[in-house]
Amino acid sequence: MILEGQTIPPDARSVLTIDLAALVANWRQIADRVHPAACAGVVKADGYGLGITDVATALARAGCSTFFVATLAEGRAVRAALPPAIVYVLDGLLPGAAAHYAAMDLRPCLSSLEEIREWAAWCAADSRPAPAAIHIDTGMQRLGLTAADVDTLAGPEREILSTFPISLVMSHLACADVAAHPLNETQRTAFLALAQRLPRAPLSLANSAGTFLDRAYHLDLVRPGIALYGGRASTDIPNPMRPVTRLSARILQVRTVAAGTPVGYAATFTAPDARRIATVASGYADGFLRALSGPTERPGPLVTLDGHRVPVVGRVSMDVIALDVTGIPEREACRGAWVELIGPTSGLDDLADHAGTIGYELLTRLGRRSHRVVLDGSV
Ligand SMILES: *Cc1c(COP(=O)(O)O)cnc(C)c1O
């Protein structure tokens, strides 16, 4: 079985294609735009669902040397693949876990005075001044030091910051996807003022969306995630990134239904006249979200069959979806044919909009049930 030039085993019902050459091109595009700022790679959540080892390795080959993960386990995965990489853990320091970070040379993004004190104490006790990042909150109220915490660190607890090297001072933008949002400038100004009171270290503020803002936001290191994977980061401009993923699935069965016949769970779609319905081998368990179901009695989001755009009808179920393929030639809409559910023509962000979510969620939900094809650029 051949799909897009790839040999697919006959027992594969759905295929997730991951184009590492596109991923690398996306990283280079951002790295070029922000130069002389450095460009890291955010590979949390298993590389946004695409496979943390493959993603991190491809980025490292392209010249990326700094990675951000959310969890210790993800940090271990990057460390195992890339011994020389600099790896930051966004969770910060879990209580009692300092030795686990240090053993793998993982750098916590220290987010509170408690975390900083605990890391400093561990470094002092072990005589191992292991580097860490300091995360300052400037507008998310999620993770990071408050302005009052910075006062404490710049004042009474100043000594503590000499016990380990601060390799990065960072904050995170809440509204960078809207360039004109006033919170962007408020956060940037607050960040620079607070960072200035800490020991001098490289500064990082921009996520993907931040890399599309003015240079003043790029500082020393940018931290793109979603844009590397082809997702839309900024709502202000057409998405310039290359698509990286494609979810394809096979038609299991095609049937003609008569006018008045209900289709799928809860009978939410009734054929208004004679219709050809194709049942396709992917559902919400494969990451094709149930929120992508067709609205009651109307066609839903469009997917792609041999260049034809065809709608989902009825409810998305766990393992299958129904498409209305009326009018598509039978040699194309047939048992075994491949349908592009998410990909270059069935855009990730368009589908996410349809589902009332964002590309991030769609990507990170892509299941483990699909046969994976990783294109490394050599094909
Ligand atoms: C996830 C994350 C990023 C990357 O965000 P994108 O919007 O995917 O570019 C950067 N910084 C922090 C702190 C994050 O949590």
Side-chain angles (χ1 to χ4, degrees), residues 23 26-27 29-31 33-34 37-50 52 55-56 59 64 66-72 74-75 78 86-93 106-112 115 132-145 167-179 181 183-184 187-188 191 195 202-213 217-237 239-245 348-349 352 357-366:
L23 172 91
N26 289 340
W27 184 81
Q29 185 195 126
I30 297 172
R33 189 169 62 242
V34 303
C39 188
V42 180
V43 297
K44 60 193 181 186
D46 196 25
Y48 286 50
L50 306 189
I52 193 167
V55 163
L59 292 176
C64 179
T66 302
F67 296 86
F68 288 82
V69 296
T71 72
L72 254 179
E74 292 165 358
V78 175
I86 295 169
V87 183
Y88 289 102
V89 180
L90 293 166
D91 268 353
L93 181 61
L106 303 173
R107 304 181 182 183
C109 298
L110 301 171
S111 285
S112 66
E115 288 182 21
I134 303 274
H135 186 172
I136 303 177
D137 178 51
T138 52
M140 292 280 276
Q141 307 304 334
R142 207 177 58 158
L143 293 172
L145 302 180
S167 54
L168 190 72
V169 176
M170 60 176 278
S171 190
H172 193 44
L173 294 166
C175 302
D177 54 324
V178 179
H181 200 292
L183 190 53
N184 294 329
Q187 286 196 269
R188 194 184 72 86
F191 178 54
L203 302 181
S204 177
L205 182 60
N207 56 356
S208 297
T211 71
F212 291 101
L213 298 179
Y217 287 83
H218 301 165
L219 303 174
D220 298 302
L221 180 75
V222 299
R223 310 187 304 269
I226 193 69
L228 302 178
Y229 308 99
R232 176 177 69 207
S234 171
T235 53
D236 299 322
I237 51 162
N239 182 2
M241 312 318 291
R242 275 172 59 177
V244 173
T245 49
L348 176 75
D349 291 298
T357 183
I358 51 178
Y360 299 70
E361 188 179 20
L362 206 45
L363 268 184
T364 53
R365 297 253 187 133
L366 292 172

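One-based numbering, in listed order, for ligands and for the atoms of each. Numbers here are sequence positions counted from 1. As the structure is a computational prediction, the values presented were derived from the model and not from experiment. All values below come from the heavy atoms of this structure, side chains included, with hydrogens, waters and symmetry mates left out.
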May I ask you to identify the nearest protein heavy atom to [atom], giving residue, atom name and distance to one decimal place in Å?
atom	result
atom 9 (O) of ligand 1	Ser208 OG, 2.5 Å
atom 10 (C) of ligand 1	Arg223 O, 3.4 Å
atom 7 (O) of ligand 1	Tyr360 OH, 2.6 Å

ask   = Considering distance alone, does some N or O of Ile226 sit under 3.5 Å from an N or O of ligand 1?
value =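 Yes.
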Considering both backbone and side-chain atoms of Gly225, is one of its nitrogen or oxygen atoms within less than 3.5 Å of a nitrogen or oxygen in ligand 1?
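Yes, since at least one N or O of Gly225 sits under 3.5 Å from an N or O of ligand 1.
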Using heavy-atom distances, let me know which of Asp91, Asn207, Leu363, Val222 sits nearest atom 5 (O) of ligand 1.
->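 That would be Asn207.
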Quick check: does any side chain N or O of Arg107 sit under 3.5 Å from a backbone N or O of Ile86, one acting as donor and the other as acceptor?
->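 Between the backbone of Ile86 and the side chain of Arg107 there is no qualifying donor-acceptor contact (under 3.5 Å).
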ask   = Can you check whether Gly225's main-chain N or O pairs, donor with acceptor, with Asn207's side chain at less than 3.5 Å?
value =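 Pair absent, no side-chain N/O of Asn207 close to backbone of Gly225.
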Using the ring of each side chain (for Trp, its six-membered ring), is Phe68 parallel, tilted or perpendicular to Tyr88, with breaks at 30° and 60°?
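Ring orientation, 0 to 90° scale: parallel.
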- What atoms of ligand 1 come closer than 4.0 angstrom to any heavy atom of Tyr48?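 It comes down to these atoms of ligand 1: 1 (C), 4 (C), 5 (O), 6 (P), 8 (O).
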Exercise. Could you grab the distance from atom CE of Met241 to atom CG of Asn26, nearest 0.5 Å is fine?
Key: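 Reported value, rounded in 0.5 Å steps: 4.0 Å.
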Any chance you could measure Tyr217, atom OH, to Asn184, atom CG, to the nearest 0.5 Å?
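Answer rounded to 0.5 Å: 4.5 Å.
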Which is it for [X] and ligand 1 at heavy atoms under 4.0 Å: side chain, backbone, both or neither?
X	result
Pro224	backbone
Lys44	side chain
Phe68	neither

What pair of heavy atoms forms the shortest contact from Leu219 to Leu203, and how long is it?
->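 Smallest heavy-atom distance, with atoms named: CB-O, 3.5 Å.
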(message) Do Ile226 and Leu363 have side chains that approach each other closer than 4.5 Å (heavy atoms only, starting at C-beta)?
(response)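 Yes, close enough: below the 4.5 Å cut-off.
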